[in-house]
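For reference, the structure discussed in these notes is given below.
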2 protein chains.
Amino acid sequence: MPNNQFKKGELYSFITGKASTAIARRLQKKFNMSGLNLTIEQWSVLYHLWKQEGISQQELCNATFRDKPSITRLVDNLEKLNLVKRVASQNDRRINLIYLTRQAQKIQEQTMLMAEETLNEALETVPPEKVEVCKEVLQVVYDNLK
Amino acid sequence: MPNNQFKKGELYSFITGKASTAIARRLQKKFNMSGLNLTIEQWSVLYHLWKQEGISQQELCNATFRDKPSITRLVDNLEKLNLVKRVASQNDRRINLIYLTRQAQKIQEQTMLMAEETLNEALETVPPEKVEVCKEVLQVVYDNLK
DNA sequence: GGCATATAGTTGTTTGTGCAACTAATCAAA
DNA sequence: TTTGATTAGTTGCACAAACAACTATATGCC
């Protein structure tokens, strides 16, 4: 049993994602405090559209590790908030291409700063080389399981 | 900006908890495959009751980092599944003490083995000393934000 | 061309989460 | 001892996730 090195409480934390839950809650509070009516999940979709808009819902599924119904509903809600628009693809009429509204473009910088701020608060007391190891381990975990 | 060391994709992974999501999904699949009708969230409540039963819902809130309504509903569903029982406290009639049924005691070992197995799969290729650093960093993150 | 299959997206259902508002019981202080 | 504050738990609402079943479009093969 090569890696069975978990005391019980630690096993629990790894599975439930205590740390990332705490990070997401903190960021959500920052959104709320600044009057942004936006969930972390909605933000995570915008995050990928800021990198590249005009991608399909399926591509958003792959980017965000969600299934198709989840993305359908997130895009529904983002459309209601007037943050994205569905545009039917010319080439393939099954596909919706998702575009940002001007309003969504406006909140990019503000929310990315809050995200960076949150991570800085989270990692304030952690030496950079340990953060590096942690990032690496989490990536391997994901690759091992996906 | 001492710890602003996140490339964009990494920032995303930290906030969304890609790794712990993958772990939880894998464990849920193991539950389903073995015919266990149990969610990871329900399991996480049982987890603390296996350590000590007869605690209050409020204590379960603290142990699992959930708010009171979440615990109310998880306990509701665990009661429906005949895995726990609410027992009114003699000393303080506001309090429900939560006890395990025989059925819940039976699945402890089986599910804990599946959880360990899942973590072993997740960390198969990771040297133990890196796992240690990762655990430590995640704990500090939680402490910094809680 | 026509039929089977695959792909993109939607809808329904169950479960869980976070917030606010609520009830009931307890405690504390005048 | 009565009144005000605190604590434990519940309920309602909006949002999200996972799964299954569904529609519509596209593709591939004969």
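To find a chain, count down the sequence lines: A is the first, B the second, and so on, and within it residues start at 1.
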Does a side-chain N or O from A:N96 land closer than 4.0 Å to OP1 or OP2 of C:dA8, or not?
no
Would you say C:dG16 has OP1 or OP2 under 4.0 Å from some side-chain N or O of B:T39?
yes
Compare the minimum distances between each of D:dG12, D:dC19, D:dG9 and the side chain of B:S56, then state the nucleotide with the smallest one.
D:dG9
To the nearest Å, how far apart are B:D67 CG and D:dG12 P?
16 Å
Backbone N/O of B:G54 and side chain of B:E59: donor-acceptor pair under 3.5 Å
no
Between A:R93 and D:dA24, is there a side-chain N or O to OP1/OP2 distance below 4.0 Å?
no
Atom CZ of B:R86 and atom C1' of D:dT10 are separated, to the nearest Å, by 9 Å
Considering every strand and a 4.0 Å limit on heavy-atom distances, what is the contact class for B:L74: base, sugar-phosphate, or nothing?
sugar-phosphate
Distance below 4.0 Å between B:Q42 side-chain N/O and C:dG16 OP1 or OP2
yes
A:Q58 has an atom CD; how far is it from atom P of C:dA6, in whole Å?
16 Å
With side chains defined as the heavy atoms from C-beta onward, is the minimum distance between B:V75 and B:I98 less than 4.5 Å?
yes
Rounding to a whole Å, what distance do you find between A:F31:CZ and D:dC15:P?
16 Å
May I have the distance from B:N91 (atom CG) to D:dT7 (atom P), rounded to whole angstrom?
18 Å
Using heavy atoms to find the nearest nucleotide of DNA chain D for A:E41 and B:K29 separately, return the residue whose nucleotide is more 5′.
A:E41
Whole-Å distance, B:L60 CG to C:dT17 P, equals 13 Å
Nearest atoms (heavy-atom pairs only) where A:Q28 meets A:I40
OE1-N, 3.1 Å
Atom pair distance, as rounded to whole Å: CD in B:E79 and P in C:dT15
15 Å
Under 3.5 Å, is there a donor-acceptor pair between the side chain of B:Q110 and the main chain of B:I107?
no
So for B:R94 and D:dT7, does any side-chain atom that can act as donor or acceptor lie under 3.5 Å from a complementary atom in the base?
yes
Of all the choices, C:dG16, C:dA20, C:dT10, which nucleotide is nearest to the side chain of A:P69 once you look at every atom?
C:dT10
Quickly work out the B:D76 CG to D:dT11 P distance and round it to whole Å.
7 Å
N/O donor-acceptor pair, side chain B:R73 with base C:dG18, under 3.5 angstrom:
yes
Using a cut-off of less than 4.0 Å, is there contact between a side-chain N or O of A:R66 and OP1 or OP2 of D:dC15?
no
Closest heavy-atom pair, B:E117 versus B:K30, reported as atoms and distance to 0.1 Å, is OE1-NZ, 3.0 Å
Looking at side-chain heavy atoms only, is the closest gap between A:Q139 and A:K135 below 4.5 Å?
no
Which sits closer to the 5' end of DNA chain D, A:I40 or B:N32, going by the nucleotide each is nearest to?
A:I40
Assign each of B:F65 and A:Q57 the nucleotide of DNA chain C bearing its closest heavy atom; nearer the 5' end lies the nucleotide of A:Q57
